[in-house]
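This report refers to the structure that appears directly beneath it.
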Amino acid sequence: MRPVLVYTLLRVLLFVVTGGLLLLLGLSNPFVLIVASFVISGVVSYVLLSKQRDAMSERISNRINRPKPQSD
């Protein structure tokens, strides 16, 4: 479960940092701030967090494809 947690925490951190930077740059409308932060952090995470995203998807895929115990 660790790769999922790491990726999620890094995504949240990127969103918060992006929102803080936009706020410092003078963006004061809350709706526009949230939408812009979401879009910008999504693009940045696509580039910067590819290794973490791959680890997370591998972990999820392995868990889904794990053989189920058979009951008699």
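By convention here, the first residue in the shown sequence is residue 1.
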Under a 4.5 Å side-chain heavy-atom rule over Ile, Leu, Val, Met, Phe, Trp and Tyr, are [X] and [Y] clustered together?
X   : Y   : value
F38 : Y46 : no
F15 : I40 : no
I60 : L49 : yes
V32 : I34 : no
L23 : V44 : yes

Open item on the list: Check whether T8 reaches the backbone of L5 with its side chain - one donor and one acceptor, N or O, closer than 3.5 Å.
Closed with: no
Task: Any donor-acceptor pair under 3.5 Å from R53 side chain to Y7 backbone - done: no
Atom pair [atom1] ([X]) and [atom2] ([Y]), whose distance is rounded to the nearest 0.5 Å:
X   : Y   : atom1 : atom2 : answer
S45 : L10 : OG    : CG    : 9.5 Å
L25 : L33 : CG    : CG    : 10.5 Å
L21 : L27 : CG    : CG    : 11.5 Å
L13 : T18 : CG    : OG1   : 9.0 Å
S41 : L48 : OG    : CG    : 11.0 Å

- [ ] Heavy atoms only: give me the nearest R11-G42 pair and the separation to one decimal.
- [x] NH2-CA, 3.9 Å
TODO: Could you tell me which non-hydrogen atom of S37 sits nearest to which non-hydrogen atom of G19, and how far apart they are?
DONE: OG-CA, 3.1 Å
